[in-house]
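Have a look at the structure below, then the notes.
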Amino acid sequence: MAQMDLHRSDPIYETLEEIQSAAQCATDLTRQLLAFSRKSIIEPKVIDLHEHIENMLKMLERIIGEDVVIDVSSEQPEGKIKADPSQIEQIIVNLSVNARDAMPNGGLLTIAVGEIECNEDYCKMHPDTVPGEYIRLTFTDNGEGMDEETKNKIFDPFFTTKSEGKGTGLGLSTVYGIVKQHRGFIEVDSTLGKGTTFSIYFPLVRMKAEPIQPSSILDDLPKGKETILVVEDESMVRRIATRILARLGYNILSAENGPEALTQIEKYTGSIDLLLTDIIMPDMNGRELARKIQEISKKVKIIYTSGYSKDVIAQRGILEKGLEFLAKPYTPQTLALKVRHVLDSTLAE
């Protein structure tokens with residue numbers, strides 16, 4: 001947000017760029033750890049995996065470099081998968097980078113997507129599998145390959161064949177965690193000197209794919225004039241959320257906790273269109289607050305936010321299926337799009 005108020009030639013702009021880069025590295029590392037432990041909160045959508053890869057090609061080419069040719073199989077399956085788009089992107093990027101590192105002198109990376117049915121005979125030969133229809137995603141490189149000992153360790157956290165400072169050993173363990181969290185499985189076939197193939201299997205769904213919103217700068221995001229009550233006990237998060245939403249044109253009320261939020265509502269003479277509340281707060285949690293507010297006005301829409309893992313939230317019985325949820329940390333883009341989506345769904349009703 002600070003960068004948006006500065007010209008690119010301003011010396012402070014470059015400093016902010018470094019801060020943003022460092023924060024993004026920390027964010028990515030945290031997400032990798034959560035994905036490996038299968039405790040990250042996922043927001044599944046019905047995805048056309050082939051289309052998703054096609055949309056990422058330009059980015060992959062920049063990441064991998066000119067000496068590795070990427071060939072995407074022309075086969076386009078009718079079936080789709082239900083998965084979190086950002087986590088699928090992590091898989092695609094991690095496996096592409098892994099293939100690049102296995103081909104230091106350049107080579108060919110083939111990415112293929114297709115349908116496969118795993119019957120009981122197949123599952124007997126592959127103990128981790130469950131019978132059913134799947135979308136199979138494969139990454140094949142013609143690089144250095146691996147011996148059996150290395151192949152048996154590649155999904156272990158912090159195991160890496162790279163030199164010190166070149167890798168965290170979390171890339172493939174992250175892929176493994178994401179695949180398992182999506183009820184899929186992964187197989188590896190590799191021969192020293194002949195390359196490696198990673199095959200990932202996601203349960204197939206026969207539903208229409210949902211459009212994936214591209215990220216955009218704040219000034220391009222949908223705006224509004226509705227009244228939003230932001231309830232968040234972490235002052236920094238609360239200030240940032242209110243600044244983002246106010247910049248987009250919304251009328252903002254804010255409170256540190258549930259009782260303060262109820263006091264705000266009593267004093268406010270207008271109507272509140274949306275409650276954006278943290279789930280886990282002292283004194284009164286977000287679900288309790290939402291119930292009390294909806295007793296006053298049933299038309300209020302609710303978005304719950306939390307930085308806790310889905311396991312912690314589920315154990316406390318706070319977040320029920322079908323409720324609108326936004327995982328922290330969120331970007332201005334994801335916040336703005338989520339708010340507009342929920343408010344527009346109100347109009348549709």
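Side-chain contact annotation: Y304 with N285, donor-acceptor N/O pair under 3.5 Å absent. Judged purely by distance below 3.5 Å, without hydrogens or angles, the side chains of T140 and T110 never pair a donor atom with an acceptor atom.
Contact check on D273 versus K299 returns no salt bridge, with no Lys/Arg side-chain nitrogen under 4.0 Å from an Asp/Glu carboxylate oxygen. Of the charged side-chain nitrogens involved, none lies within less than 4.0 Å of a carboxylate oxygen, so that E226 and K301 do not count as a salt-bridged pair.
Surrounding CZ of R206 are more than 12 heavy atoms belonging to other residues, nucleotides or ligands, all under 6.0 Å away. Annotation: I296, atom CD1; neighbour count of heavy atoms from other residues, nucleotides and ligands within 6.0 Å is above 12. Shown here is E66, whose CD atom has no more than 12 heavy atoms of other residues, nucleotides or ligands within 6.0 Å. Crowding of Q294 atom CD: a count of heavy atoms from other residues, nucleotides or ligands under 6.0 Å exceeding 12.
When all heavy atoms of S271 and T227 are compared, the pair lying nearest together is O-CB, 3.5 Å. Contact detail for L49 and I88: the closest heavy-atom pair is CD1-CG2, 3.7 Å.
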Item to check | E115 vs R136, salt bridge (charged side-chain N to carboxylate O under 4.0 Å, His left out): CA-CA, chis, key distance, verdict | outcome: CA-CA 6 Å; E115 292 185 19; R136 179 170 60 186; over 6 Å; no

Item to check | Intermediate values then yes/no, salt bridge (charged side-chain N to carboxylate O under 4.0 Å, His left out), K328 and E232 | outcome: CA-CA 12 Å; K328 293 190 287 187; E232 168 63 61; 2.9 Å; yes

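The CZ atom of F139 sits 5.5 Å away from atom CD1 of I53, with the distance rounded to the nearest 0.5 Å. Between the NZ atom in K338 and the CZ atom in F325 there is a gap of 9.0 Å [rounded to 0.5 Å]. Atom CG of N98 sits about 9.5 Å away from atom CE of M103, to the nearest 0.5 Å. To the nearest 0.5 Å, atoms NE2 (H52) and CD1 (I81) are separated by 8.0 Å.
No donor-acceptor pair closer than 3.5 Å links the side chain of D278 to the backbone N or O of M281. The closest donor-acceptor contact from the side chain of N142 to the backbone of L108 lies under 3.5 Å. Side chain of H341 to backbone of L337: no donor-acceptor contact under 3.5 angstrom is found. Between the S297 side chain and the I293 main chain, no donor and acceptor come within less than 3.5 Å of each other. Side-chain atoms of T334 never come within 3.5 Å of backbone atoms of Y330 as a donor-acceptor pair (strictly under, hydrogens ignored). For the pair H182 (side chain) and G184 (backbone), a donor-acceptor distance under 3.5 Å is absent.
Hydrophobic clustering places L335 together with V230 (ILVMFWY residues linked when any side-chain heavy atoms are closer than 4.5 Å, directly or through intermediates).
A perpendicular orientation is assigned to the rings of Y134 and Y201, their planes being inclined by more than 60° (bins at 30° and 60°).
Contact annotation: the side chain of Y250 approaches that of L343 to within less than 4.5 Å [non-hydrogen atoms, C-beta and beyond]. T305 is listed as a side-chain neighbour of L276, based on a closest heavy-atom distance under 4.5 Å.
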